[in-house]
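Note sheet for the following structure.
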Amino acid sequence: MASFYRLKKLLNIYQCTHILQRPFTKSNLSTLSSTPISPKPINTLPSISQENSRIIYRLVYIFTKNLDSSKTQELDELGSKITTSIVENVLGKIKNWRKAHLFFNWAKNQEGYFHNCHTFNIMAECLSGVRQIASMRSLVNDVVKFQCCFTPHGLGFFIRCLGSQGLVNEANELFDHMKRMGLCVPNSFTYNCLLDAISKGGDVGLIELRLKEMCSYGWELDKYAYMPVLQCYCNARKFENALVVFNEMHEKELVDAHVLSILLVSFSKWGKVDKAFELVERIGDLNISLNEKTCFVLIHGFVREGRTDKALQLLDKMKKMGFVMDISVYGVLIEELSRNKEIEKAMQLYEDMNVSGIRPDIKILSDLISCVRDERDMIRILEGRYENLDRKARMLLYNSVLKRLINNVSTDKAYQLLCASACLDSGSDFNEDNLFPVKELACPNTVSFELVIDGLCRADRLELALSLFREMDHIGCKRSVLLYNNLIDSLSRSGRLNECYELFNEMKQSEFQPTHYTYNSIFGCLCRQGDDAGALSMVKEMRVHGHQPWIKYYTLLMQKLCKDGQAVKASNFLADMVQEGYLPDVVSYSAVINGLVKIKQLDEALNLFRGICARGYCPDVVAYNIIINGLCKDKRVLEAQDFLDEMIDKGLAPSVVTYNSLIDGWCKTGDVDRAIVYLTRMTEKEREPNVITYTTLIDGLCNSGKPDDAIRLLVKMETNGCSPNRITFMALISGLCKCGKPDDALIYLHEMERKDMKPDPSIYIVLIDAFIKNTNPNEACDLLQKVVRDEFLQDLNSKSRPILKEAILSLSVDPRTSSNVKILLEEGPLTALCNFSEIG
DNA sequence: ATAGGGTTAG
């Protein structure tokens, strides 16, 4: 009872028993007590008189064989004598549904005759069997129109027929109508049938409503009440509710293989593979067994979810249960295992198939070949199959072998096999090769060449690929667009533009017209080379043929031009594209705007930004970042903040980069407090500060004379799980030096050394300089001795050189260090660099 | 059988 309470709870009913009145009287209680499971109406026909037999015989004869006007009179006569029992008999004997229906409608119109519940049901069963939806609807109308009385069982059967054809509303309305008009007193069987019909439509609310009604009569729910509810919850993906129903059924020992399969198949459909398998494992305890069909559905479902592990386990169970295996189960499993490169398992299944005498089909064989470990396995799979296969199948297998070799980077082997099969000279002897027998499998076709040529291109064997392509003509193998495209793309990646154009022109003359891929390959080559004029003329050609230039290529061109300081040229290119009718992507505009920023043409950048906005573009976060960064670098931080507000207004979420730029902006304009405000704002907005954020601030704090805050921030970033990098340390070291704290700085230099981070040479110079200014020439001298080597001096930037020179000068005149510096100068490198003739 | 691009720190 506890579980029943749970379903009731689910339905939100506790004491509904009293709410609805029982629709039956004492007299028909007996009907309710028995709820037969058989859906068929039980026809206990009285024995048929001789006269009736004659009528039945004539009617069947006329309606199946000879329905023409000559029979009008006889029909009139027969019509006056028919009874429901006669009609039932006749309907049962007319096999053709159209003729049966015709007879049914004829009978309906006979004076004094009325169909009853049984004749309606025979007709309904017949019509639902042949899916005559419209006729069934008119049957429902007749039931209502003639106010036909139904037994509870009869109505249940009728409703189930309606449900099976998806006439859920009709079933539901008829049920209510019959009940309301007192034409039928539904019992639990009728309700069960109604639940079944509703479950076909999947209306969870409706089925719950009907279930509540049933509960309100105090009926004990049986298997046939639970099953449609379970099905309905399953179809509606109401996982928890389905489980409540299932568990309740289990407690009442109502679960059988069919119930189980409803739940299992749903679990697998929902991707709840583990749940499904758990249930499979529990089946032994439930003392029921799975049927074959459910297992197959489950295995397919598991594989679809990528759970070959569970699928294989289930397969194993099936074998133990003695089920006969299906090739399709092996097919899906081997396909998935091959894709996942689970070679051992795939081969194991293959062996299994051989043992159980299931012949693998071509798909399975080529899946296997695509994943085998080595050539031996390949041969093992192909062995004995050469003769039995047709040409097409052999071709497929042959190409699978090539594909496997190419994917295994055995490009040479694939090339040699292809040459051997095509009687081309590969420049090496293939006779001794393991794969020699495969050579006979098929004569290479276009796909074979596509595979090998693509492999050669990817292996950077472009010459070989090109010569193989040329050979195709000689052996009469058709080329393809794919071949041209791959070769042109490879040539373009090698910067061999002229050859690209040769093949391109050859294509234009051939039956293989260039595609957008062809155009873009060449376009990409021009962009990589920074050839804006060439790229533009290709854009024009693409325009003619209706192809789109790929964003990534013209963005690349933009970046290339900008890197060369030609942002204006880049900007013009995009304007030309617009002229051609293309709308360049925001990303390419961003690249140009950034290029303008980098050559200090900030106002040009702003103009371009505003220009594209005016033309309807919606710049994204990165585009805003570029503008904000540009303004910050130009110390126009307030304007940058305006852009920040603008992007937030547009619903764009500022990124870490946005905040970093603004923080840097305030730091560089000497307002480190405002910068710190952004740090807190970032945490509020769940934008985790990164190493750049902290480094920027550490630098800023030192420059504002707050070295202690800088050190505190370094500790904070580490506790926040952000590790400082060499740039952070270098910023801190030079920052502390600027603040006259070289002793503290030295600590972090040692920390860097401990972490195997190599500071820039200039850091040492900064430290040496700071120690001298801090009147600690000995420490400065020690550092100098430590680092001065040839390569150190070579790497030193021009800014540091005069400082170093000054430092040496200072140390050499200081009595505490002069002798050491002299020794150092005598060693060579410093003298040459600094040209200290005046020191003497 | 065809991509995934532009931004921040010393």
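Lettering of chains follows the sequences in order, A, B, ..., and the numbering in each one begins at 1. Heavy-atom basis, side chains included; hydrogens, waters and symmetry copies ignored.
- The side-chain hydrogen bond (donor to acceptor under 3.5 Å, both in side chains) search around Asp708(A) returns Lys741(A), not counting sequence neighbours.
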Could you pull out all donor-acceptor pairs under 3.5 Å where a side-chain atom in residues 712-724 of chain A meets a protein atom, sequence neighbours excluded?
{"from": "Arg712(A)", "atom 1": "NH2", "to": "Asp709(A)", "atom 2": "OD1", "distance (Å)": "2.6"}
{"from": "Thr719(A)", "atom 1": "OG1", "to": "Val715(A)", "atom 2": "O", "distance (Å)": "3.4"}
{"from": "Thr719(A)", "atom 1": "OG1", "to": "Lys716(A)", "atom 2": "O", "distance (Å)": "2.7"}
{"from": "Asn720(A)", "atom 1": "ND2", "to": "Tyr694(A)", "atom 2": "OH", "distance (Å)": "2.9"}

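- At a threshold of 4.0 angstrom between heavy atoms, the contacts of Asp489(A) with the nucleic acid are absent.
- Contact annotation: the side chain of Phe469(A) approaches that of Leu503(A) to within less than 4.5 Å [non-hydrogen atoms, C-beta and beyond].
- When rounded to the nearest whole Å, the span between CG of Leu596(A) and P of dG6(B) equals 17 Å.
- Rounding to whole angstrom units, CG of residue Leu631(A) and C1' of dT7(B) are separated by 14 Å.
- Distances from the side chain of Lys598(A) to the nucleotides dG10(B), dT7(B), dG6(B) place dT7(B) closest.
- Between Leu574(A) atom CG and dG6(B) atom C1' the separation is 12 Å, expressed in whole Å.
- Of the listed nucleotides (dG10(B), dG5(B), dT8(B)), dG10(B) has the atom at the smallest distance from the side chain of Ile727(A).
- Side chain to side chain, Ser588(A) and Thr555(A) fail the donor-acceptor criterion of an N or O pair below 3.5 Å.
- Heavy atoms of Asp454(A) sit nowhere under 4.0 angstrom from any nucleic acid atom.
- Scanning atom types as modelled, no donor and acceptor separated by under 3.5 angstrom connect the side chain of Thr555(A) and the base of dG5(B).
- Comparing dG6(B), dT8(B), dA9(B) by their closest approach to the side chain of Ile626(A) singles out dG6(B).
- At the heavy-atom level, Lys633(A) lies under 4.0 Å from the strands shown only through sugar-phosphate atoms.
- Spacing between atom CD1 of Ile551(A) and atom P of dA3(B) amounts to 13 Å, rounded to whole angstrom units.
- For the OP1/OP2 pair of dG10(B) and a distance below 4.0 Å, the side-chain nitrogens and oxygens of Lys668(A) include at least one atom meeting the criterion.
- Under 4.0 angstrom from either OP1 or OP2 of dA9(B) there lies no side-chain N or O belonging to Asn660(A).
- Checking dG5(B), dT8(B), dG10(B) against the side-chain heavy atoms of Ile692(A) singles out dT8(B) as nearest.
- Taking 4.5 Å as the limit, every side-chain heavy atom of Arg681(A) sits out of range of all side-chain heavy atoms of Leu662(A).
- Not less than 6.0 angstrom separates the ring centroid of Tyr484(A) from the ring centroid of Phe504(A).
- Comparing atom distances between the Ala731(A) side chain and each of dG10(B), dA1(B), dG4(B) picks out dG10(B) as nearest.
- Between dG10(B), dG5(B), dT8(B), one nucleotide has an atom nearer to the side chain of Ser661(A) than all others, and that is dT8(B).
- At a cut-off of 3.5 Å, with distance as the only test, no side-chain donor of Asp664(A) or Ser661(A) sits close to an acceptor on the other residue.
- Between dG4(B), dA1(B), dG6(B), one nucleotide has an atom nearer to the side chain of Val481(A) than all others, and that is dA1(B).
- Contact annotation: side chain of Asn625(A) to base of dG6(B), donor-acceptor pair absent below 3.5 Å.
- Heavy-atom distances under 4.0 Å link DNA chain B to Thr695(A), Thr696(A), Asp699(A), Asn725(A) of residues 695-726 of chain A, given in residue order.
- When rounded to the nearest whole Å, the span between CE of Met577(A) and C1' of dG5(B) equals 13 Å.
- Residue Asn520(A) is classed as having no contact, given no heavy-atom separation below 4.0 Å to the nucleic acid.
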